[in-house]
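Here the structure comes first, spelled out in structure tokens, and everything after it is commentary.
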Amino acid sequence: MVMATKQARALVDELCGLPDEAAVRTVDVLHAHAAALAWVGETTGSRPVPKRVAARLEAAAALLRSGTDSRDPAAVLIGEAVAALAEGSSSAA
């Protein structure tokens, strides 16, 4: 995954010039979002991931990209994925 992040940053650099903090943050959030979606798919065996989980991850990612939430994107998005899956399993019980 580190290589994918480096490649994404290189693409942003090539298209837009030297990145600013917002560009770096966007790439970090996109990478973490993709990783969280992949983790949910692997954990549940469901691809695409359940809509409620995907919607919750997208909402959290939007806050992270906007700068409203300055926490670590990977930790936030995996935490949101775990919480969404836990809520889904408790409501199914």
Side-chain angles (χ1 to χ4, degrees):
M1 293 284 189
V2 172
M3 181 59 76
T5 300
K6 288 180 182 178
Q7 290 172 332
R9 285 191 177 135
L11 179 60
V12 169
D13 289 352
E14 185 178 323
L15 294 172
C16 303
L18 293 175
D20 59 11
E21 282 186 42
V24 171
R25 179 69 173 181
T26 297
V27 171
D28 289 344
V29 173
L30 288 171
H31 180 254
H33 193 175
L37 287 168
W39 179 83
V40 171
E42 290 171 14
T43 301
T44 64
S46 175
R47 286 193 174 87
V49 301
K51 286 184 181 185
R52 64 181 168 71
V53 176
R56 185 164 175 164
L57 289 174
E58 177 53 37
L63 290 174
L64 291 163
R65 282 190 305 271
S66 73
T68 304
D69 187 341
S70 62
R71 296 177 292 164
D72 174 51
V76 170
L77 292 169
I78 289 295
E80 289 292 328
V82 169
L85 290 174
E87 287 173 7
S89 65
S90 66
S91 65

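Atom set for the values below is all heavy atoms of this structure, side chains included, hydrogens, waters and symmetry mates excluded.
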Requested in this report: Just jot down the side chain to side chain contact (heavy atoms under 4.5 Å, CB included) partners of S70, sequence neighbours excluded, or say none.
Outcome: none
Report task. Keeping the roles fixed (side chain from T43, backbone from G45), state whether a donor-acceptor pair exists under 3.5 Å. Result ->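 A pair under 3.5 Å: no.
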Query raised in the report: Does any non-hydrogen side-chain atom of T44 lie less than 4.5 Å from one of V53?
Result: no
[X] to [Y] - nearest heavy-atom pair and separation:
X   : Y   : answer
S46 : P50 : OG-CD, 4.1 Å
V29 : P73 : CG2-CG, 3.8 Å
A8  : V27 : CB-CG1, 3.8 Å

Using residues 54-62 as the side-chain source, report each donor-acceptor pair under 3.5 Å to any protein atom, sequence neighbours left out, with the distance given to one decimal.
unit_1: R56; atom_1: NE; unit_2: E80; atom_2: OE1; d: 2.6
unit_1: R56; atom_1: NH1; unit_2: E87; atom_2: OE1; d: 2.9
unit_1: R56; atom_1: NH1; unit_2: E87; atom_2: OE2; d: 2.9
unit_1: R56; atom_1: NH2; unit_2: E80; atom_2: OE1; d: 3.3
unit_1: E58; atom_1: OE2; unit_2: R65; atom_2: NH2; d: 2.9

Query raised in the report: Applying the 4.5 Å side-chain criterion to the ILVMFWY set and letting contacts propagate, would L30 and I78 be lumped into a single cluster?
Result: no
